[in-house]
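Naming convention: chains lettered A, B, ... in sequence-line order (proteins, then strands); numbering from 1 in each chain. Excluded from the calculations below are hydrogen atoms, water molecules and symmetry mates; all remaining heavy atoms, backbone and side chain alike, are included.
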Amino acid sequence: MILRFEEVSYSYPGAAARALDGLDLSVDPGESVLVAGTSGSGKSTFCRASIGLVPHFHHGKFTGRVLVAGRDTRRYPVHELFRHAGLVFQNPDAQLFNQTVEAELTYGLESLGMPPSEIESRMAWASRLTKLDSLMDRLPYTLSGGEKQRVALASILTLRPRLLLLDEPFTHLDPEGADELRGILRTMKAKGIALVIVEHRLHEIIGDVDRIIVFHRGKAVAEGPPRRVLSGNISSYGLNLPPLLRFFRAFGLNETPFNADEAIETLKTQNLLEPFFSRFSRQMLHPSHAPAETPSTIVEAENIWFNYEGRDVLRGVHLKLRKGECAALLGKNGAGKTTLIKHLNGLLKPQQGLLTVLGMDTRKNPVSKISRHVGLVWQNPNDQLFRPTVREEVLTAPKTFRSYDPSWCNQLFDRFGLLPLLDRSPFSLSEGQKKRVSFAAALAVKPGLIVLDEPTAGQDESFRRELTGFITLLREEGSTIVLATHDLEFAAEHATRWLVLSEGKIIADGSPEDVMTDASVMAKAGLRPTQRFQLIQAIKQHGKETL
Amino acid sequence: MKSSAFDPRSKLIGAFVGTLFLVMFTHWVPLAASLGALAVMVLLLHLGRSWIHFLTNLGFAVLTFFVIVSLAFDLLTGVVAGLRLLAIGTVFFLFFQTTSPERLSNALLKTGLPYPFTFVLSASMQFVPVLIRRARNIRDAQRARGIPIEGGPRTLFHLPALVGPLLVQAFKFADELAEAMEARGFGISGRRFRFEPRFRWVDWMVVGISLAVLTAGLAMKFFLP
Amino acid sequence: MDTRTIARAVILVAIGVAISPFTSIPIGMAKINPAQHFINVLGAILLGPWWATGIALIIGILRNALGTGTLLAFPGGMIGAFLAGMAYRYTRNIYAGALGEVIGTGLFGAVASALIVAPVLMGKTMALGALIIAFSGSTIVGAMIGIFGLKLLERAGFARLGPERGRPPDDPSL
Ligand SMILES: Nc1ncnc2c1ncn2[C@@H]1O[C@H](COP(=O)(O)OP(=O)(O)OP(=O)(O)O)[C@@H](O)[C@H]1O
Ligand SMILES: Nc1ncnc2c1ncn2[C@@H]1O[C@H](COP(=O)(O)OP(=O)(O)OP(=O)(O)O)[C@@H](O)[C@H]1O
Ligand SMILES: [Mg+2]
Ligand SMILES: [Mg+2]
């Protein structure tokens, strides 16, 4: 046994509730385990406890026993344990503190006082495994998000731990990056390293793990092989189930297919292909939101160009959005999604071309005028919080724009469940609550256009469900919505239109189905068809074959 | 940033001797000549562009200095003060441009400074661009809701909107950084560096030349009329 | 050796260097930049006088390395940071700390610059008044933002001000 938790309870200093509450589990050498659970269920705390950061770094009240490769974490300091168990944290930026990628990889080995020859050989091994050879001389901050993640991983791998924990490694990766990471994890497993992967979006990795452990309020409430756990009664733990599984459940099937082929097989053997398909196509014939008759144009971009310090990011973007549409902006990491979004309220001005938002030329109007009508919800709610109370935070924009409408704001407070929190400090809220505050703050000015940057990143199922509610509501009121995301399942569910950004241009614009059908676009933008789409295609294919 | 063949310690000695040397002169001719020599060095090291950038930064201080001193004393003293500030600034410009904070911190560690201090020196550099990006994001997020943080005197009243979110994020970030450091063995004793800075014969030469120049300067100052 | 303190020092230095371009405010002909002073107040109160002085020194080194700072910044910043740290250590009052910074930089820093830097540069002492005025504007604004920042960090649970040192509550390493 490489890792063992025995009746571990823990609470952070000053916290009333326990983050871990009688946690009991073990991980065998060479095994791969997926840890799932809602936000705040204790997953990150479990990771910290596995390498001794809890209790040594965080202090607080700790009872029970954690054994890492047989060593009791209470008796060994973190710098004894780190050579046995490695942890890759959630935020790659905070983990890279050396001058070059190479220095990053060798830091841990220098800590151990290894001789140079050993350092060289381990570094070569880890960089080959994580495909970093060509990046060794780069400065960490110049790397893309996916590359940073790989460096963080490699810097732990050089220590050759027998147990590796990864805290939400897929969150900020584009689909291509996620594929790459899965490949690396498979290699590591083949080398006999035990893996513990924490993730909200189960379908990212579920096909590759031996076991799932479900966390709920600091306890391990379900565990076992993925199929067994997922077919059990887990509905109350708020997991974000793989999409295929959700369709099957909605259809009343209790099977657990992890990919389209398995799903087809199951349906075939049960002779359910026909009814399943007809229900699917019925859903598709009635798109839930048909656009209004002759809607007015909200955003019109004609050939806009933009560069940062001479490097072109947007290279001739054409775009037209009509009232009431919900468009998803997709593309690889660094494709320019956030850059384009910042154009929509005039924060960035096109260096060439013309952009009209709600009838205003963004080059001729100041940000303060445009953003009065455009609500931008940033990925990180902490980018704006600084007021003493939630109420003041939400009312900042309407008050500075002198467009304060008390009845509308009260309605927002109510709708976002903020009424009991109004006098609290925004900093005392959970991340999910902060996100709701930033939503309310963006909507408080009654914007005609609402823009969301990566709304689902790092969020759990209950937040996704809330978000679904907000978006439906906004659309019923006729708002226009743009969302930039890597979460294709979410984009396919909510957007009527997909805009694919690649090499500075919009290379595809159409319904999600149309875009996913175009294999060359998908390949160019590094996108992967959603499971639901794959299933439909497979069923259609199958229909053709049997005819 | 250029790397150079010399150990930062010898260069530091050189820079201090250079400063002392510049301080000894109270006439504008030798100062202008030294500045010329320094400019040649800058050009030889292909640092012209960043030097001009540096001068635009220092320019304001030099000008203020020149004006104040000229008013308080006379024009010639003002010229001397301005030239001297420019020359000393350039000496340290050269030092810092040819010495990366990492190498400097390694060398300082060798001279006996505690590791936490030298670590802060080398690590903080990596986070400057990261924090600049965050600060930009925050500024954009606040501008999007009507708070003008765009430069200009009005910014003064809106600084809390920028500084507040940045600080809170930075302290969270610091905790994450601390965890990551511990997870890679920060704080263990017996750390061994892959590249140790070495004081070689070229470095002894730099020290030797510096001392010779200093002696010559002192001799000139005290024994020549 | 407390890793968290060291990590905070790293980040404070990085903020000090990073936000200078954002906080440079033209007022009439002059320019003020409260960044360094604001970091001094935070460092002094949260990490103590020695770390604060070290942070001011390192910010000076890095800004010189990046070509955005001048030698004049060294004595002013370091004295202010140290004095602010000492003032807080003996009074446990953040306003006293901030006042330490204002006096340290605006008065002692200016005197030090005048006594050390100025004669070195000109061979003659120069009018103190000009330097004091030049230093004070930035340091007063910086100290005020520092106080604001401290209160914010306290609300966010990152600092505990007053009788005990600036650490989260219930921290047994106190
Ligand atoms: N550094 C900390 N100090 C105090 N409390 C904390 C700290 N980190 C987490 N907590 C609290 O401990 C509980 C468990 O949090 P944890 O971060 O382990 O959850 P998680 O499952 O990783 O959630 P998420 O999916 O959002 O990452 C939560 O109630 C959280 O508020
Ligand atoms: N302020 C900036 N200065 C210089 N370059 C920048 C800046 N902001 C972004 N970039 C660069 O512009 C490109 C596009 O960045 P952008 O953030 O728009 O991408 P994105 O599609 O939102 O990526 P992600 O999916 O990772 O969020 C990237 O290569 C990025 O490094
Ligand atoms: Mg977590
Ligand atoms: Mg983005």
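- Across all their heavy atoms, B:A178 and A:F57 have their closest contact at CB-CZ, 3.5 Å.
- Using a 4.5 Å cut-off between heavy atoms, B:F127 touches chain A through its side chain atoms alone.
- When each of B:A141, B:G146, B:A180 is scored by its heavy-atom pairs under 4.5 Å with chain A, the top score falls to B:A141.
- Under the rule for a side-chain contact (heavy atoms from CB on, under 4.5 Å), the partners of B:V128 that lie at least two apart in sequence or sit in another chain are B:I132, C:A14, C:V17, C:A18.
- Only the side chain of A:L53 has a heavy atom closer than 4.5 Å to any heavy atom of chain B.
- When each of A:L347, A:L139, A:V78 is checked for heavy-atom pairs under 4.5 Å with chain B, A:L347 comes out on top.
- With values rounded to the nearest 0.5 angstrom, A:F89 atom CZ is found 10.0 Å from B:L177 atom CG.
- In this structure, chain B has a heavy atom under 4.5 Å from the side chain of A:F401, while its backbone stays farther away.
- The number of heavy atoms from other shown groups lying within 6.0 Å of CE (B:M41) does not exceed 12.
- B:I188 has its side chain within reach of A:F82: a pair of non-hydrogen atoms, C-beta onward, lies under 4.5 Å apart.
- The candidate with the highest count of non-hydrogen atom pairs below 4.5 Å against chain A, out of B:G164, B:A183, B:A123, is B:A183.
- Heavy atoms closer than 4.5 Å to chain B are found nowhere in A:P366, neither backbone nor side chain.
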Donor-acceptor table for chain B and chain A, threshold 3.5 Å:
| residue | atom | partner | partner atom | Å |
| --- | --- | --- | --- | --- |
| B:Y115 | OH | A:Y107 | OH | 3.0 |
| B:R133 | NH2 | A:Y141 | O | 3.4 |
| B:N137 | OD1 | A:K342 | NZ | 3.3 |
| B:D140 | OD2 | A:K342 | NZ | 2.8 |
| B:Q142 | NE2 | A:Q384 | O | 3.1 |
| B:A144 | O | A:S371 | OG | 3.3 |
| B:R145 | O | A:T400 | OG1 | 3.1 |
| B:R145 | NH1 | A:E393 | O | 3.2 |
| B:R145 | NH1 | A:E393 | OE2 | 3.3 |
| B:R145 | NH2 | A:Q384 | O | 3.0 |
| B:R145 | NH2 | A:E393 | OE2 | 2.7 |
| B:Q169 | NE2 | A:N382 | O | 3.2 |
| B:Q169 | NE2 | A:D383 | OD1 | 2.6 |
| B:E176 | OE1 | A:N91 | ND2 | 2.8 |
| B:E179 | OE2 | A:R48 | NE | 2.8 |
| B:E179 | OE2 | A:H58 | NE2 | 2.5 |
| B:R184 | O | A:S111 | OG | 2.8 |
| B:R184 | NH1 | A:E104 | O | 2.8 |
| B:R184 | NH1 | A:E104 | OE2 | 3.3 |
| B:R184 | NH2 | A:Q95 | O | 2.6 |
| B:R184 | NH2 | A:E104 | OE2 | 2.9 |
| B:G185 | O | A:S111 | OG | 3.4 |
| B:R191 | NH2 | A:Y107 | OH | 3.1 |
| B:R191 | NH2 | A:S111 | OG | 2.5 |
| B:R192 | N | A:E110 | O | 3.0 |
| B:R194 | N | A:E110 | OE2 | 3.0 |
| B:R194 | NH1 | A:E120 | OE2 | 2.6 |
| B:R194 | NH2 | A:E102 | OE2 | 2.3 |

